[in-house]
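When a residue number appears, it is its place in the shown sequence, counting from 1. Given the structure is predicted, the values throughout are model-derived calculations rather than measurements.
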Amino acid sequence: MVSVDAFDLFCQTIWRSDMEKITHEDEDEGAWVCICFNTPHTDGFATCNADGEEMEPDIGSDWNDLYVCNRCGRIIDQKDLSVVGHKRAQDADAGR
């Protein structure tokens, strides 16, 4: 049987290799549309660290322009809208 951590690592590897990208609404670059069809007006997105943990993007913090989708847990780089990781399922469920 495969451990949850091994499965999570496997999934992250696949997501990175495919370089998923989210999109935005046609005339509004700030209105992101995640692959799971989440938008800022539904479940929204939150600033986060590389592990998908929510954080404030304060001056001097280690925030790297990352956001987490509050629906599916994908971690998104706002510079190019690429999916760079995925919040662990148990962490995503605890945030709801």
Side-chain angles (χ1 to χ4, degrees):
M1 187 154 134
V2 177
S3 73
V4 173
D5 288 336
F7 180 73
D8 188 48
L9 180 61
F10 171 74
C11 290
Q12 287 185 27
T13 302
I14 289 174
W15 282 314
R16 286 189 190 117
S17 66
D18 290 346
M19 283 310 287
E20 285 183 323
K21 286 192 173 197
I22 68 166
T23 59
H24 55 78
E25 293 179 4
D26 286 335
E27 296 181 15
D28 186 354
E29 290 186 16
W32 292 358
V33 180
C34 186
I35 295 159
C36 71
F37 301 106
N38 179 31
T39 67
H41 303 292
T42 52
D43 292 321
F45 302 87
T47 53
C48 69
N49 63 18
D51 294 323
E53 298 167 354
E54 290 186 31
M55 66 174 290
E56 292 297 322
D58 297 326
I59 294 173
S61 71
D62 62 348
W63 183 60
N64 289 322
D65 298 322
L66 300 178
Y67 285 80
V68 62
C69 173
N70 291 332
R71 180 177 292 167
C72 69
R74 283 179 172 87
I75 301 170
I76 301 151
D77 185 331
Q78 78 166 358
K79 289 177 260 165
D80 62 2
L81 303 182
S82 62
V83 175
V84 296
H86 199 273
K87 187 173 184 176
R88 292 171 46 117
Q90 64 198 35
D91 297 337
D93 292 341
R96 290 188 177 230

Engineer: State, with a plain yes or no, whether a side-chain heavy atom of Met55 is found less than 4.5 Å away from one of Ser61.
Structural biologist: yes
Engineer: Find the distance between NE2 (His86) and SG (Cys69) and round it off to the nearest 0.5 Å.
Structural biologist: 8.0 Å
Engineer: Determine whether a donor-acceptor pair (N or O, by modelled atom type, separation under 3.5 Å) exists between the side chain of Arg74 and the backbone of Ile35.
Structural biologist: no
Engineer: Tell me which donor-acceptor pairs under 3.5 Å the side chains of residues 77-84 have, and how far apart each pair is, sequence neighbours excluded?
Structural biologist:
unit_1, atom_1, unit_2, atom_2, d
Asp77, OD1, Lys79, N, 2.9
Gln78, NE2, Asp65, OD1, 3.3
Asp80, OD1, Ser82, N, 3.0
Asp80, OD1, Ser82, OG, 2.7

Engineer: Tell me which pairs pass ring-ring contact (aromatic ring centres under 6.0 Å, His included) where either residue lies in residues 34-54, with sequence neighbours left out.
Structural biologist: Trp32-Phe45
Engineer: Tell me the closest heavy-atom pair linking Ala46 and Asn70, and the distance in Å.
Structural biologist: CB-OD1, 3.9 Å
Engineer: So, using side-chain contact (heavy atoms from CB on, under 4.5 Å) as the criterion, who are the partners of Ala50 when residues are at least two apart?
Structural biologist: Leu66
Engineer: Looking at CD of Glu20 and SG of Cys34, how far apart are the two atoms once the value is rounded to the nearest 0.5 Å?
Structural biologist: 8.0 Å
Engineer: Quick one: list whatever passes side chain to side chain donor-acceptor pair (under 3.5 Å) with Thr42, sequence neighbours left out.
Structural biologist: Asn38, Thr39
Engineer: Are more than 12 heavy atoms, taken from residues, nucleotides or ligands other than Asp26, located less than 6.0 Å from that residue's CG atom?
Structural biologist: no
Engineer: Got a donor-acceptor contact below 3.5 angstrom from the Asp51 side chain to the Glu53 backbone?
Structural biologist: no
Engineer: Any chance you could lay out the side chain to side chain contact (heavy atoms under 4.5 Å, CB included) test for Glu54 and Thr47, step after step, and finish with the verdict?
Structural biologist: CA-CA 6 Å; Glu54 290 186 31; Thr47 53; over 6 Å; no
